[in-house]
Every structure is written in C-alpha cells, then in structure tokens.
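Report on the following structure.
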Amino acid sequence: MTALPAALAPGSTIGILGGGQLGRMLAEAASTLGFDVAILEPQADCPASRVAAHHIQAAYDDIEGLKRLAALSDVVTTEFENVPASVVAVLEAEGVRVAPNGRALATAQDRVDEKTFLNSVGATTVDFAKVDDLNDLTAAIEKLGLPALLKTRREGYDGKGQVWIKDAADAESALDAIGHKPAILEARAAFTQELSVIAARGVDGTVAVYPLGQNTHENGILRTTIAPAQVDPATQSRAIEIATAILNGLDYVGVIGVELFDLGGSLLVNEIAPRVHNTGHWTQDGCGCDQFEQQIRAIAGWPLGSTKAHARIEMTNLLGDEIDGWHAMASDPDTHLHFYGKREARAGRKMAHINKVLERL
Ligand code: AMP
C-alpha cells in the first residue's frame, strides 16, 4: 500500500489552474488557513490574481508555465474541469500531486464516459446513446423516444451545445445546430426539481457531504440555490449514497459538485463537476466550513471540516450590471455579498453572488 501524503503545514503553497471567481474564493480560503497560492491563468488582472501570492501568466497547457507552477506548489488543484490529461501528466512528471486526479477530470469531461462511469457505481442517469452521425442519431431516437436532448459530448456548459429534438424530422438540423460534434442523446428527465449535492473526500478516504441544494436556472445559467433544500430524509440519504459512491469510485480527493434531477421519489445524476461548484456557494454563509475551505483541507491532507448547516440560505447569482444594485443589497443585514472583482460587467457574466439568510437552523 502506498503511504498517504503527509498533511501540508500552513506556509505551504497551493497551486490552482485557473484564476476566475472560483480560483479567487479558493485562494481566499487557502490564505485563511495560512497557505500561499500560486495561480496559472493566461488573463492578466484576473479575479484570483489580486488574492494569490503568485500569478503565472501563461496558457493552461504551456509547458514552461506548468513547470513553474509545479516548482512553486506543494499540491495543485483546478477551478475548471476541462484540464487536458497532458497537463496533469506534465505536473505529475514534475513531482507535484494533482487533486482531483486525472481520471476524475477526464471522466467529467466527456458526457458518455461520465454517464457510463456513474451507472457503473450505481448512480443512475437518464438513458442515453452515443451519437457520431445521423445514423447513430436515428437509432438513438428509435431507442430513447422523443423528446430527447442532443448534447455535445465535450465542453458544454451553462446549457451551451444542447438542442432539444421533438420530431424525428429535426434530427439533421439538430446535428447542424451542435456543429456535428461528437454527441450524446439523452432521454428527457421528467424532473419535479433540480437538486445538487456538494461533497468532499479527503486523502484518507473520509467523505463529508453537505445538505442538498435546490436550484433554479434562467437561460441555462444557474440563478438561485436554496439550501438546505426542503426534501424528505430519504432523498438526502440517497444523495449521500450517490455522492459517496462517485467519490470512492474515482478515488477522488477534493470537493465535487453532483447535479441531480429529482423525479419525486428517486434521483438521477445529471452531471458531475470535479471542483467547487456554483451551487455550493451557499455554504459560505450557511455552514461552519464552506466548500472552498473544504477543498483546501481535502487536497492539503487536513481533516475535513463540518458540513452541518447553521442557516438556510438563498444564493442568487448576479449577472452583468445586476451588481449595480450593490448599495441597496449591502443595507440588508441578512444578505452577504460576494463580489468577484471582475473589471468588466458584460451582459450575462457572473459578477457576484449574494447569500441571503432565510432562517437560522
Ligand atoms: P447540463 O449542461 O447537462 O447541466 O444541462 C443544463 C440544463 O438542461 C439542466 O440543468 C436541466 O435543466 C436541463 N437538462 C439537461 N439534461 C436534461 C435531460 N436529460 N432531461 C431534461 N432536462 C435536462
């Protein structure tokens, strides 16, 4: 048996691939625990760069940049899932630990691999079929029925690269709409609500799971999360089982976000995000240890923190110029503001979120 990596002492350095808002909040949490942070991010003046001790300004797959990140860091993590396997390989060849591991990242990057893995560990998904061309799509429609959702296998986010097919005659135009990329056809999930669970696994295999959140989306982008969601105990227990099976199945270290469809009595997994997750932002003001601190604890080999909620929170994402209302929001004593420090409030861009305390628990 290989020995577990020793816990990193305060003063060590955490490396992060990516310097957006998730990187910034990870850097803030790392700094609270006494760590320095090195980010690798091509964009100058990014949200995390104003919090991190080191900013390596390079492309995510820049070999020299990755080597510098590895040299500075005692462990490296990521704020986004589309990290190529070659990047993990470069970092590991430089002798630095990467958490979560390359297999977890690769699994989450491809919707077919992801669903195949999920079903293999008993985390049920919608029925699906791999689609590479019109023949595949015709057969998939036959198998799954309509309506069904055609998605690109890779690099879809916030509802991008997806098209509903309601009529078999629309198969060809649906392939056109996603640019004939390798795809997956998914049966429609007739869900009553969308839930998500944030969970973490430590280097020693300990698992900690937060209460479920209930999510609403607008135009494919997360708008609100209310958590703890008001679900029956059996649903929360099932979510814990699902998250634990996924984390153990991937030999995962760190925080994961698991998006779920509630079918009113059973849960299906929509997708997993191998990182801190937008639907976990409520934990900053609802739990003793939030998801960002939890991620740092997990990858640093520390004991995991408490996932118990002390407040029910409504998290709302603020997009584009919605942050202009900051002054009024700041006057509500039950509202906690989290701004990302982005210089430009482009329409639809995630600029900040607010956590409103609905109830003390
Ligand atoms: P995704 O990019 O997979 O997270 O999908 C974005 C949103 O599309 C989800 O949050 C759901 O609201 C919806 N959606 C995705 N897959 C399905 C499905 N198979 N059935 C019904 N709705 C879905």
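Only a predicted model underlies this, so the values are computations on that prediction, with no experimental measurement involved. In listed order, ligands and their atoms are each counted from 1.
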In ligand 1, the atoms that come under 4.0 Å of a heavy atom of R111 are 2 (O), 3 (O)
- Query: Based purely on interatomic distance, does A187 place a nitrogen or oxygen under 3.5 Å from a nitrogen or oxygen of ligand 1?
  - Reply: yes
- Query: Looking at side-chain heavy atoms only, is the closest gap between L185 and I141 below 4.5 Å?
  - Reply: yes
Should Y210 and I240 count as side-chain neighbours, where that means a heavy-atom distance under 4.5 Å? no
Looking only at heavy atoms, the pair that brings R349 and E344 closest together is NH1-O, 2.8 Å
Near F191 (heavy-atom distance under 4.0 Å), the atoms of ligand 1 are 12 (O), 21 (C), 22 (N)
The option among H217, E194, E259, Q162 carrying the non-hydrogen atom nearest to atom 5 (O) of ligand 1 is Q162
Under 4.0 Å from one or more heavy atoms of L149, ligand 1 contributes atoms 14 (N), 15 (C), 16 (N), 17 (C), 23 (C)
Tested for side chain to side chain contact (heavy atoms under 4.5 Å, CB included) against I198, the lone hit among V258, T279, T225, V276 is T279
| query | For R188, is at least one N or O under 3.5 Å away from an N or O on ligand 1? | reply | no
Please confirm whether A189 comes within less than 3.5 Å of ligand 1 when only nitrogen or oxygen atoms on both sides are compared. yes
Is ligand 1 less than 4.0 angstrom away from at least one heavy atom of W164?
yes
Less than 6.0 angstrom separating the ring centers of H353 and F339, yes or no? no
Is there any N or O on N270 that sits under 3.5 Å from an N or O of ligand 1?
-> yes
Practice item. Output yes when E64 and R68 qualify as a salt bridge under the 4.0 Å nitrogen-oxygen rule, no when they do not. Key: no
- Query: So, R103 and D251, do they make that salt bridge, N to O below 4.0 Å?
  - Reply: no
